[in-house]
Amino acid sequence: MKRLKNKNSITGWLFVSPWIIGFLVFTAFPLLYSLFLSFQKVKITTSGIQTEFIKFGNYEYAFVVDGTFVERVTTYLREMAISVPIIIVFSLIIALLLNQKIKFRGVFRTIFFLPVIIASGPVIKELIDQGITTIPSIEQYAIYQALNDNPDGFFNGILLYLIKNLIVILWYSGVQILIFLAALQKMDKQIFEAAKIDGASNWEFFWKITLPNLLPMIVVNIIYTIVTYSIFSLNPIIEHIQKNMFKVDTGFGYASALSWIYFLIIAAALAITVGAMTMKRKKNYS
């Protein structure tokens with residue numbers, strides 16, 4: 001038995017070894033090397049890459065001197081705090097509708113998932129330039145003109161951002177809809193039948209049965225949405241990092257520092273969100 005277990009273990013390691021080797025060579029090494037460069041002043045010369053250790057100089061420069069980076073990070077956090085809940089709520093509503101017995105349900109699934117396939121960076125940029133990603137003729141409405149005249153207010157800025165980017169935000173919902181839909185179809189129908197016999201209403205079905213059972217998938221969708229939103233090719237922070245890679249006064253060292261700061265911000269956002277949702281789930285089950 002022990003010999004068979006060891007043989008299965010060796011077989012398993014052989015199957016995963018290509019991934020492990022690929023991760024160590026193509027992911028782990030570049031990550032560690034970028035961390036090394038973030039503490040260096042990097043110059044690319046004809047004789048090779050020259051580095052000079054400057055401790056936390058790149059990180060200090062990012063927060064003290066580079067006002068553009070701080071501004072874009074603040075804007076990113078505000079927009080993420082607005083966009084992620086809207087995407088999750090919209091995905092859940094559409095999944096609940098598609099879970100009903102309606103005609104052409106497969107067609108509607110395809111329609112909502114189609115933007116995930118076609119909405120790459122260049123496509124989205126072209127659509128934004130053409131004004132297709134905004135609500136049609138919204139500029140003619142008085143509410144838009146009032147918000148546009150006073151964009152500095154907190155709530156005005158939120159509403160203006162939603163109006164300008166609502167369609168793009170909803171385009172992020174394709175994968176989340178499918179995840180919610182799969183979870184809804186896996187639910188035990190006997191629970192709903194028992195609740196119906198006890199006289200529960202549709203509203204009680206949702207709050208007492210459906211939503212608590214969907215909490216794990218909500219956490220998964222939040223993680224997926226935050227990561228997808230953060231690594232999108234048109235993200236202003238990523239564009240800022242790419243520009244600084246080839247500047248003479250900053251270079252690869254400073255760009256590496258910005259990348260690690262951005263990574264820590266995303267990791268903190270994920271940790272706070274997932275931690276809050278996990279605590280909520282434990283509270284519901286206690």
Side-chain angles (χ1 to χ4, degrees), residues 1-39 80 84 87-88 91-92 95 98-99 106 109-110 112-121 172-191 209-233 235 238 241 252 255-256 259-286:
M1 183 65 70
K2 186 176 180 181
R3 183 178 179 183
L4 180 62
K5 186 177 179 180
N6 291 335
K7 184 178 180 180
N8 290 337
S9 178
I10 294 172
T11 304
W13 280 108
L14 287 174
F15 273 108
V16 299
S17 59
W19 181 88
I20 295 174
I21 295 171
F23 175 80
L24 293 175
V25 175
F26 299 108
T27 302
F29 176 74
L31 279 175
L32 294 175
Y33 189 61
S34 70
L35 181 61
F36 166 77
L37 291 180
S38 68
F39 298 100
M80 185 180 66
V84 172
I87 292 170
I88 299 300
S91 304
L92 180 56
L98 292 178
N99 195 43
R109 290 180 193 173
T110 305
F112 281 106
F113 190 75
L114 193 60
V116 178
I117 301 172
I118 65 173
S120 61
Y172 280 100
S173 306
V175 174
Q176 293 87 328
I177 292 172
L178 293 183
I179 293 175
F180 277 137
L181 194 57
L184 289 169
Q185 293 176 351
K186 289 289 184 179
M187 287 186 183
D188 190 355
K189 303 299 180 183
Q190 294 180 355
I191 300 176
I209 301 175
T210 305
L211 193 59
N213 281 282
L214 285 177
L215 277 178
M217 293 301 103
I218 292 175
V219 174
V220 171
N221 276 335
I222 289 174
I223 294 173
Y224 177 83
T225 305
I226 291 176
V227 172
T228 304
Y229 186 83
S230 302
I231 64 174
F232 189 56
S233 59
N235 189 311
I238 294 178
I241 294 173
F252 279 84
S256 298
S259 300
W260 276 96
I261 294 171
Y262 188 42
F263 164 75
L264 292 176
I265 291 172
I266 297 172
L270 288 171
I272 293 170
T273 306
V274 174
M277 294 299 298
T278 304
M279 289 177 60
K280 182 177 178 62
R281 185 187 178 192
K282 290 181 179 180
K283 185 177 179 181
N284 289 339
Y285 282 100
S286 61

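Sequential numbering from 1 along the given sequence is applied to the chain's residues. Note that the structure is a prediction, hence the values are computed from the model and not measured.
The distance from the CZ atom of F180 to the CD1 atom of I177 is 9.5 Å, given to the nearest 0.5 Å. Distance check: L24 CG to W19 CH2 gives 8.0 Å after rounding to the nearest 0.5 Å. Taking CG of L32 as the start and CG of L37 as the end, the distance is 11.0 Å to the nearest 0.5 Å. In this structure, the separation between CD1 on I179 and CD1 on I218 is 12.0 Å, given to the nearest 0.5 Å. Atom-to-atom distance recorded for L184:CG and K186:NZ is 12.5 Å, nearest 0.5 angstrom. Atom CG of residue L31 and atom OG of residue S259 lie 10.0 Å apart, to the nearest 0.5 angstrom.
Applying the side-chain hydrogen bond (donor to acceptor under 3.5 Å, both in side chains) criterion to T225, with sequence neighbours excluded, gives Q176. Partners of S38 according to the side-chain hydrogen bond (donor to acceptor under 3.5 Å, both in side chains) rule, which considers only residues two or more places apart in sequence or in another chain, are Y59.
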Got a list of side-chain donor-acceptor pairs under 3.5 Å for residues 261-277, not counting sequence neighbours?
unit_1, atom_1, unit_2, atom_2, d
Y262, OH, S230, O, 2.6
Y262, OH, N235, ND2, 2.9
T273, OG1, A269, O, 2.7

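Heavy-atom minimum distance, S256 versus S34: CB-O, 3.3 Å.
Screening V84, I231, N221 for a side-chain contact (heavy atoms from CB on, under 4.5 Å) with I226, the sole residue that qualifies is V84.
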Q: Please assess V227 against Y224 for the test side-chain contact (heavy atoms from CB on, under 4.5 Å), listing each intermediate value before the final yes or no.
A: CA-CA 5 Å; V227 172; Y224 177 83; over 6 Å; no
